[in-house]
2 protein chains.
Amino acid sequence: MSLKYSILGLLHYEDMHGYRIKEHIEKNFGHMWSINFGQIYPNLKKLEQEGLVSMGEAVQNGQKGPPKKLYSVTPKGKQEFLTWLEQSPEKSMLLRDPFLMRFVFFGFGDTKIAIGLIDEQIAAYEDQLHHRQQNKKRWQSKDIFVNQVAELGIEMNSMFLTWLKSTRKKLVETIPMDTMNEMDKEASE
Amino acid sequence: MSLKYSILGLLHYEDMHGYRIKEHIEKNFGHMWSINFGQIYPNLKKLEQEGLVSMGEAVQNGQKGPPKKLYSVTPKGKQEFLTWLEQSPEKSMLLRDPFLMRFVFFGFGDTKIAIGLIDEQIAAYEDQLHHRQQNKKRWQSKDIFVNQVAELGIEMNSMFLTWLKSTRKKLVETIPMDTMNEMDKEASE
DNA sequence: CCTCTCATGTAAGACGTTACATGATTCA
DNA sequence: TGAATCATGTAACGTCTTACATGAGAGG
């Protein structure tokens with residue numbers, strides 16, 4: 001149920017229509033969240049039915065496409081949002097990552113392939129880290145909370161990279177010398 | 001779809017029945033995963049229909065309750081598991097944590113309440129960290145991969161705690177002196 | 001006798017993702 | 001003309017959680 005309230009929260013910054021909300025999330029929180037229209041439009045409808053947001057006149061604003069439906073938070077919506085904000089969250093963070101799920105079982109497979117998969121992860125997260133660092137610079141001015149989450153993302157990312165690299169090293173050490181051939185270049189790092 | 005393969009993976013260690021699988025996950029991976037019967041039994045059925053596991057005679061083993069249905073991995077299951085293992089995972093880690101979801105919007109609420117919620121998180125994760133550390137000692141002997149995941153869990157946990165504490169400090173500093181009353185004891189840490 | 005543990009399973013619903021359908025305008 | 005962008009939405013599907021139904025034996 002937090003997605004509904006996240007949308008309600010975003011509307012506290014400014015009135016938006018569905019399409020805009022998706023853009024906003026992708027731009028500002030894209031590295032940690034993802035969202036799709038299949039969720040946004042039904043949630044907006046629900047929020048409206050509950051009287052937490054209200055839709056202004058559908059505006060054929062600029063030019064293209066169907067008219068935008070601008071939503072704004074009602075007083076009731078603000079109130080209920082605060083109540084939600086101040087509740088203790090029910091569940092704690094779970095790391096249910098598709099890579100980690102495989103990783104646990106790598107002992108049943110080939111170590112060299114495992115190292116290959118680890119290398120893929122390293123590349124992907126190095127990439128993501130750069131994006132996150134640049135994103136952080138771009139905001140900076142925003143409020144502490146948004147900034148702190150960005151900071152957390154960066155730290156998590158760095159930590160995971162460190163872990164991946166040290167894991168890789170440990171694995172390489174377990175491979176017998178005589179079977180090392182394609183691997184030797186990277187192993188000498 | 002990784003849950004199906006995780007179950008298949010667990011059955012590589014030893015033959016198990018559904019109830020046992022849940023116990024096993026809770027004991028060994030409980031801090032990162034959760035699973036329920038609503039998923040286990042249907043998945044076992046599906047795995048059997050696909051010929052990846054086979055069910056031995058339902059054994060009225062010891063005493064209580066209905067007979068256990070012991071499942072074991074078939075050769076086809078082993079083969080398909082390896083194929084899955086060696087695939088690159090589709091998606092990267094997402095931090096979609098209910099606390100963090102709220103946290104982003106704390107700017108719209110009361111700072112003191114925010115600090116209270118942060119304190120709750122600190123307590124919860126300090127607790128979890130102790131569990132993880134003790135769990136890690138208990139295993140130790142197991143294979144590198146399981147150990148490394150345990151290590152990662154501990155590091156993530158520690159990092160998150162550090163982040164929570166530094167965030168708390170930053171927030172306390174923004175509270176004007178004269179409105180500090182209930183808060184002063186903890187703030188002087 | 002009542003509750004706990006062992007053991008099976010199903011059904012309803014919440015939540016998420018992917019894909020499709022529609023349609024106007026802008027730009028190459 | 002055809003693709004991209006803006007903008008709405010729905011339907012089908014997949015996954016996950018919660019709650020219930022059943023039933024035997026053990027222990028207080």
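A note on names: the letters A, B, ... follow the listed sequences, proteins ahead of strands, and every chain is numbered from 1. From a predicted model like this one, the values you see are computed outputs, not experimental measurements.
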Side-chain N or O of [X] closer than 4.0 Å to phosphate OP1/OP2 of [N]:
X: A/Lys91; N: D/dC16; answer: no
X: B/Lys69; N: C/dG9; answer: yes
X: A/Lys45; N: D/dT10; answer: yes
X: B/Ser34; N: D/dT17; answer: yes

Tell me, do [X] and [Y] make a side-chain contact under 4.5 Å, heavy atoms counted?
X: B/Leu129; Y: B/Ser158; result: yes
X: B/Arg168; Y: B/Leu164; result: no
X: A/Leu70; Y: A/Met55; result: no

Calculate the interatomic distance between [X] atom [atom1] and [N] atom [atom2]; express it in whole Å.
X: A/Met55; N: D/dT8; atom1: CE; atom2: C1'; answer: 12 Å
X: A/Ile35; N: C/dT18; atom1: CD1; atom2: P; answer: 13 Å
X: B/Ile7; N: D/dC16; atom1: CD1; atom2: C1'; answer: 13 Å
X: A/Lys68; N: D/dT8; atom1: NZ; atom2: P; answer: 9 Å
X: A/Asn36; N: C/dA19; atom1: CG; atom2: P; answer: 11 Å
X: A/Ile40; N: C/dA19; atom1: CD1; atom2: C1'; answer: 16 Å
X: A/Lys4; N: C/dG16; atom1: NZ; atom2: P; answer: 13 Å

query = Any salt bridge between B/Lys76 and B/Glu80, counting N to O under 4.0 Å?
reply =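 Salt bridge flag = no for B/Glu80 with B/Lys76.
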ask   = Atom NZ of A/Lys78 and atom OG of A/Ser72: how far apart are they, to the nearest 0.5 Å?
value =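 Going from NZ on A/Lys78 over to OG on A/Ser72, the span is 8.5 Å.
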query = Can you tell me how far the CD1 atom of B/Ile122 sits from the OG1 atom of B/Thr162, to the nearest 0.5 Å?
reply =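 Here the interatomic distance stands at 10.0 Å.
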request  = Give me the residues of residues 12-29 of chain A where at least one heavy atom lies under 4.0 Å from an atom of DNA chain C, by number, or none.
outcome  =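 Under 4.0 Å from DNA chain C: no residue of residues 12-29 of chain A.
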ask   = Residues two or more places apart in sequence or in another chain: which of them pass ring-ring contact (aromatic ring centres under 6.0 Å, His included) with A/His24?
value =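 Scan of A/His24 (ring-ring contact (aromatic ring centres under 6.0 Å, His included), adjacent residues dropped) gives none.
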key: Of all pairs that satisfy ring pair (Phe, Tyr, Trp, His ring centres under 6.0 Å), the ones with a partner from residues 116-137 of chain A, not counting sequence neighbours   =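 Those involving residues 116-137 of chain A are A/Tyr125-A/Phe160.
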message = Looking only at the aromatic ring of each residue, does the gap between the centers of A/Trp163 and A/Phe103 stay below 6.0 angstrom?
response =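 Under 6.0 Å, so yes.
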request  = Look at the side chain of B/Arg102 and the backbone N and O of A/Trp84, then say whether any donor-acceptor pair between them is shorter than 3.5 Å.
outcome  =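 Present.
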ask   = Counting only N and O atoms by type, is there a donor-acceptor contact under 3.5 Å from the side chain of B/Asn157 to the main-chain atoms of B/Gly153?
value =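 It does not hold such a pair.
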request  = Not counting sequence neighbours, list each pair that qualifies as a side chain to side chain donor-acceptor pair (under 3.5 Å) and has a residue in residues 6-19 of chain A.
outcome  =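 Applying side chain to side chain donor-acceptor pair (under 3.5 Å) to every pair that reaches into residues 6-19 of chain A, excluding sequence neighbours, yields nothing.
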Table of protein N/O atoms under 3.5 Å from nucleotides 19-22 of chain D N/O atoms:
none

ask   = Which sits closer to the 5' end of DNA chain C, B/Arg96 or B/Tyr41, going by the nucleotide each is nearest to?
value =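 Checking each residue's closest nucleotide, the 5'-ward one belongs to B/Tyr41.
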Give each protein N/O atom lying under 3.5 Å from an N/O atom of nucleotides 12-15 of chain D, with the pair distance.
residue, atom, partner, partner atom, Å
D/dT15, OP1, B/Met1, N, 3.1

